[in-house]
Amino acid sequence: MASHYSTTPPKHASDVVVATPCGACKMLRKRCVEKCILAPHFPPTEPIRFTMAHRVFGASNIIKLLQVIRLCICYFLESYLDFPYGEPVFLIRKKLYK
């Protein structure tokens, strides 16, 4: 069974290079690291998905959107754990746009 990761030793823990890049890294022709933010959304078997999104939004805007969504989910989870019966939306927005 072939290994999914490259055989070269990584310089840093976050620099583990994946043998088969995600669809986004394949299209952008860059190395795909293990913790690539685009990999869960653009699998290597469907590179056309990233191509279409890249034409509309651009690669940097897609990355920014994914980072904001990740922050929103984290803040929503935090607020839900603090106030299980709901927290006003303006408090979540206040946390996001400090």
Residues that His41 engages under ring-ring contact (aromatic ring centres under 6.0 Å, His included), provided they are two or more places apart: none
Joint hydrophobic cluster, Ile37 plus Ile69, side-chain heavy atoms closer than 4.5 Å: no
Could you pull out all donor-acceptor pairs under 3.5 Å where a side-chain atom in residues 24-33 meets a protein atom, sequence neighbours excluded?
| residue | atom | partner | partner atom | Å |
| --- | --- | --- | --- | --- |
| Lys26 | NZ | Pro44 | O | 3.3 |

Euclidean distance, Thr51 OG1 relative to Phe42 CZ, rounded to 0.5 Å: 9.5 Å
Closest contact, heavy atoms only, His54 versus Ile62: N-CD1, 3.8 Å
Cluster check Leu38, Phe57: I/L/V/M/F/W/Y, side chain < 4.5 angstrom: yes
From SG (Cys36) to CD1 (Ile63), nearest 0.5 Å: 7.5 Å
